[in-house]
Colleague: 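Handing you a structure now.
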Number of protein chains: 2
Amino acid sequence: MSGGNTTGEGIDRLLGEKAQQVNGILERILASESRMDSGIREAVTYVLRAPGKRVRSALVLWSCEVVSGRANRNAEIAAAAIEMVHTYSLVHDDLPAMDDDYVRRGQPTCHKAFDEATAILTGDALLTLAFEILSKEIDTPEMGLRLVCQLAEDAGPAGMIAGQMADLRAENGVCNKGLLEYIHTNKTAKMFRCAAAMGAICGGARKDEFDSLCEYGLKIGLGFQIADDILDVSASSQQLGKTAGKDLRAAKCTYPAVAGVARSKELERELAEEAVEALEVFGERADILRQLARALLERTK
Amino acid sequence: MSGGNTTGEGIDRLLGEKAQQVNGILERILASESRMDSGIREAVTYVLRAPGKRVRSALVLWSCEVVSGRANRNAEIAAAAIEMVHTYSLVHDDLPAMDDDYVRRGQPTCHKAFDEATAILTGDALLTLAFEILSKEIDTPEMGLRLVCQLAEDAGPAGMIAGQMADLRAENGVCNKGLLEYIHTNKTAKMFRCAAAMGAICGGARKDEFDSLCEYGLKIGLGFQIADDILDVSASSQQLGKTAGKDLRAAKCTYPAVAGVARSKELERELAEEAVEALEVFGERADILRQLARALLERTK
């Protein structure tokens, strides 16, 4: 996120704190998975320790806090699970047959640091581990299974994978607003919705609270992806910690390509406002999520 | 499996019937997953419809039958889930960066019929779908979560993925009996154990019944992999429905390479007998699993 004003600085600091917390949880889980193959452990550790922003996992923790007053241990496990799934998707996305990228989170991508086969298996391992920890570490079977279901739906072939598939299909092909919305909703927004939903489940949300957080997650997810697309054309690789300008070269279907940068920024602002509106049921308790929604507008990385 | 004697023919027919049943379950699930991305659906359907032997899913159904007298609906879902996970592992294993194969189950591999990116995402989709159906379709949350846990453990980085990783590491490197056992146990035997365990869970097995079936699954899984390695050096590609002679060319760590074909066949026989012994607690009820263990010795494909 960016500095420059008090809100930006405040949320930057809070996100940093949450990232620290998430890193701690991931380290605990890595330490407890003692039977993991040593080769896979090395690669899994490498990609999980890379300095990610941890926005999705922070969203799990904050959604739980907004609902129940505090982020409990279940939310910590759910946050780790979604971070694992997000990381697996990056590892596979970066493969030569996919986006063919060699820098991620400021360090060589998994297949560059190791090799392609290791990167394929590392992604597979992270995805499997995410479901394993949800099946083992959540307090009640009902909650554990609901989290597994939410994550599988939003990360699966009617969610994130659908978006990745459509993204590939769209390269060098027709790009229009309908396709763009399909890609963004599935590839990015559903994982943000998933994060908010998992936090809500862990906090014991009522139906209306759950629905509000899902709506919020979907909106900021869409806003986040538009910001990502704008940054790809306007920021440097060093700022981003990944290769800049790639979308244009790959003729990707993005908002700046379809609607231009100015209209994209306007749309981003609208989505942030809609996200904020979705939080009405929570009153002041949801201020942190309002800050997060507005901070996404000011991202510089 | 092979013909030639009554046992072989009997189990061939029974396995064929179970394969039909599993195919029917997979079709029902594909039809019910209506929101899947169309591109992913096409590839997922392609690989799931390929004529697999369905040994692992048959083992789920038979284990449940042995325990409870019949394969119930939960076992059908578990059978479909393990078939999806097995299929995902084949799709990823066949990728150019892994085993680089172009024939599987008698048809072009996924990345040959589509492309590499689609094959990566198809494997990811199948793995995610397996957990989704377990989270949605099993009668009780307790049983659903136990099945998720069993599958995630046995297919994950301390199970199947550990074996795949070690298999890659062993190529062109040192190959000894210890490494070989590690590879076979993890890469293959744990998924057979998983199948037997999932069937046991669905049948409501007691602890001693569950343990017996796990032991049985592990033993026939090891025997199955040795048979596979022997077939790779002795059978034709047409018989196998996949490329023969690949292990030797890739300098893979296999039993025939370490111990020779004669000793490998002897070991296969010993494992089948140990598998049969593990079934004592069930008496005659487990005859079908005894037949399966012995039939594995006579596989020709």
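Note on naming: letters A, B, ... go to the chains in the order of the sequence lines (proteins, then strands), and numbering restarts at 1 for each one. Any value given below was found using the heavy atoms of this structure, including those in side chains, with hydrogens, waters and symmetry copies removed.
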Colleague: Check the angle between the aromatic planes of B/H92 and A/H92 and answer parallel, tilted or perpendicular using the 30° and 60° thresholds.
Modeller: perpendicular
Colleague: So which of B/A166, B/A155, B/A162 has the biggest tally of heavy-atom pairs under 4.5 Å with chain A?
Modeller: B/A162
Colleague: With a 4.5 angstrom heavy-atom cut-off, could you sort out which part of A/L95 is near chain B: side chain, backbone, both or neither?
Modeller: side chain
Colleague: Are the side chains of B/L127 and A/F131 in contact, using a 4.5 Å heavy-atom criterion?
Modeller: no
Colleague: Check B/G144 against A/L145 and note the closest heavy-atom contact, atom names and distance.
Modeller: C-CD1, 3.7 Å
Colleague: Find out whether B/I40 and A/I161 are in side-chain contact, i.e. whether some heavy atom of one side chain is under 4.5 Å from a heavy atom of the other.
Modeller: yes
Colleague: Would you say that B/L121 contacts A/M98 through its side chain, given a criterion of any heavy-atom pair below 4.5 Å between the two side chains?
Modeller: yes
Colleague: Can you tell me how far CD of A/E42 sits from CE of B/M165, rounded to the nearest 0.5 angstrom?
Modeller: 8.0 Å
Colleague: Find out whether A/D115 and B/L168 are in side-chain contact, i.e. whether some heavy atom of one side chain is under 4.5 Å from a heavy atom of the other.
Modeller: no
Colleague: Could you state the interatomic distance from CD1 (B/I133) to SG (A/C149), rounded to the nearest 0.5 Å?
Modeller: 11.5 Å
Colleague: Looking at B/Q164, B/K136, B/E153, which has the largest count of heavy-atom pairs under 4.5 Å with chain A?
Modeller: B/E153
Colleague: Provide the closest heavy-atom pair for B/I120 versus A/A97 in the form atom of the first, atom of the second, distance.
Modeller: CD1-CB, 4.2 Å
Colleague: What option among B/A152, B/A158, B/P157 has the most heavy-atom pairs under 4.5 Å with chain A?
Modeller: B/P157
Colleague: Just give me the residue among A/T128, A/I138, A/D124, A/V148 that pairs up with chain B most often, heavy atom to heavy atom, under 4.5 Å.
Modeller: A/D124
Colleague: Above 12 or not: heavy atoms from other molecules or residues under 6.0 Å from NZ of B/K112?
Modeller: no
Colleague: Any chance you could lay out the side-chain contact (heavy atoms from CB on, under 4.5 Å) test for A/D37 and B/R169, step after step, and finish with the verdict?
Modeller: CA-CA 11 Å; A/D37 176 78; B/R169 237 179 1 235; 3.2 Å; yes
